[in-house]
Colleague: 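Quick one: structure below, then a few questions.
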Amino acid sequence: QVRVVESGGGSVQAGGSLRLSCTTTGVDYIDSMAWFRQAPGNEREAVAVIDSGNRIVYTDSVEGRFAISQDKTKNSVYLQMNSLQPEDTGMYYCAVRTSPTDMSWPYWGQGTQVTVSS
């Protein structure tokens, strides 16, 4: 059984920092891991993606403020979020891709809430 578990969300003031963590169990191979977020009334968006070759992609709004990293020995991915702004508020989800040829994200965590106050 595949499990994806996030932690590290919370409430901070604008300009603050948070670090999210995500660990996956029950898989033999991970091709990519990603952080998505969804604010109330908005569609879920990909924030940062890292693949097995450590190639990284960020959405424009977090470039230079967020940093994604992974520990392959622990099947874990992290998101260091600095200079947080109120528009970063939302539920953050970790997603896992296990195939290099299937672009879908079949495994998701339950989400962790990030709230940034002005």
Side-chain angles (χ1 to χ4, degrees):
Q1 180 181 0
V2 179
R3 291 191 67 206
V4 181
V5 180
E6 306 104 331
S7 63
S11 298
V12 297
Q13 290 190 329
S17 298
L18 286 172
R19 178 177 169 85
L20 305 183
S21 300
C22 169
T23 298
T24 303
T25 57
V27 293
D28 294 325
Y29 172 76
I30 293 177
D31 177 76
S32 304
M33 300 184 80
W35 288 98
F36 287 74
R37 69 184 177 190
Q38 186 168 21
N42 291 356
E43 294 185 355
R44 186 161 49 187
E45 65 169 341
V47 174
V49 181
I50 186 167
D51 70 11
S52 57
N54 280 327
R55 287 177 288 266
I56 292 171
V57 177
Y58 296 104
T59 191
D60 288 347
S61 62
V62 309
E63 187 81 51
R65 300 188 298 122
F66 290 11
I68 189 171
S69 60
Q70 64 182 334
D71 183 339
K72 295 179 184 179
T73 66
K74 298 179 180 178
N75 281 352
S76 294
V77 65
Y78 310 95
L79 187 67
Q80 178 66 43
M81 304 185 294
N82 299 325
S83 301
L84 283 161
Q85 300 301 316
E87 52 265 34
D88 295 315
T89 294
M91 188 70 79
Y92 283 68
Y93 299 90
C94 177
V96 178
R97 177 183 290 160
T98 55
S99 168
T101 58
D102 181 356
M103 293 298 103
S104 68
W105 297 94
Y107 304 110
W108 293 82
Q110 79 288 352
T112 185
Q113 178 68 36
V114 172
T115 302
V116 185
S117 57
S118 58

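Just so it is clear, the model here is predicted, and its values are computed rather than measured.
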Colleague: Using the disulfide (SG to SG under 2.5 Å) rule, collect all pairs that involve residues 78-118, keeping only residues at least two apart or in two chains.
Modeller: C22-C94
Colleague: Would a 4.5 Å heavy-atom cut-off, applied to side chains only, mark R44 and M91 as touching?
Modeller: no
Colleague: Could you measure the distance from the CD1 atom of I56 to the CD1 atom of I50? Nearest 0.5 Å is fine.
Modeller: 4.0 Å
Colleague: Do the charged groups of R97 and D51 touch, with an N to O distance under 4.0 Å?
Modeller: no
Colleague: Quick check: closest heavy atoms across L18 and G8, and the distance to 0.1 Å?
Modeller: CD2-O, 4.0 Å
Colleague: Which heavy atom of A48 sits nearest a heavy atom of Y58, and at what distance?
Modeller: CB-CD2, 3.6 Å
Colleague: Below 4.5 Å, heavy atoms only, C-beta onward: do E6 and L20 meet side chain to side chain?
Modeller: no
Colleague: If the plane angle is over 60° it's perpendicular, under 30° parallel, otherwise tilted; pick one for Y92 and F66.
Modeller: tilted
Colleague: Nearest 0.5 Å, what's the CZ-OG distance between R55 and S32?
Modeller: 8.5 Å
Colleague: Can you tell me which residue pairs pass the salt bridge (Lys or Arg N to Asp or Glu O under 4.0 Å) test with a partner in residues 70-84, sequence neighbours excluded?
Modeller: none
Colleague: Determine yes or no for a side-chain-to-main-chain donor-acceptor pair under 3.5 angstrom, with Q38 supplying the side chain and G90 the backbone.
Modeller: no
Colleague: Pair D88, R65 - check side chain to side chain contact (heavy atoms under 4.5 Å, CB included), show working.
Modeller: CA-CA 11 Å; D88 295 315; R65 300 188 298 122; 2.8 Å; yes
Colleague: What's the spacing between E45 CD and Y93 OH if we round to 0.5 Å?
Modeller: 13.0 Å
Colleague: Considering only heavy atoms from C-beta outward, does the side chain of R37 approach that of V62 to under 4.5 Å?
Modeller: yes
Colleague: Quick check for you: to the nearest 0.5 Å, what is the distance between L84 atom CG and S11 atom OG?
Modeller: 11.0 Å
Colleague: Just checking, any donor-acceptor pair under 3.5 angstrom between side chains of D31 and S99?
Modeller: no
Colleague: Which heavy atom of V49 sits nearest to which heavy atom of A34, and what is that distance?
Modeller: CG2-CB, 3.8 Å
Colleague: OG1 of T24 to CH2 of W108: how many Å apart, nearest 0.5 Å?
Modeller: 12.0 Å
Colleague: Can a donor-acceptor pair be found, under 3.5 Å and without considering hydrogens, that links the side chain of Q80 to the backbone of R19?
Modeller: no
Colleague: Has T115 got a side-chain atom pairing as donor or acceptor with T89's backbone, closer than 3.5 angstrom?
Modeller: no
Colleague: V2 and V27: side chain to side chain contact (heavy atoms under 4.5 Å, CB included), yes or no, with the steps?
Modeller: CA-CA 6 Å; V2 179; V27 293; 3.6 Å; yes
Colleague: Can you measure from OG (S117) to CD (Q85) and round to the nearest 0.5 angstrom?
Modeller: 11.0 Å
Colleague: Please report the shortest heavy-atom distance between S17 and S83, naming the atom on each side.
Modeller: OG-N, 4.3 Å
Colleague: Is it the case that one hydrophobic cluster holds both V47 and M81, taking links as side-chain heavy atoms less than 4.5 Å apart, direct or via other members?
Modeller: yes
Colleague: Determine the minimum heavy-atom distance between Y29 and P100, stating which atoms define it.
Modeller: CE2-CD, 4.2 Å
Colleague: Grab the two heavy atoms, one from A95 and one from F36, that are nearest each other, plus how far apart they are.
Modeller: CB-CE1, 3.8 Å
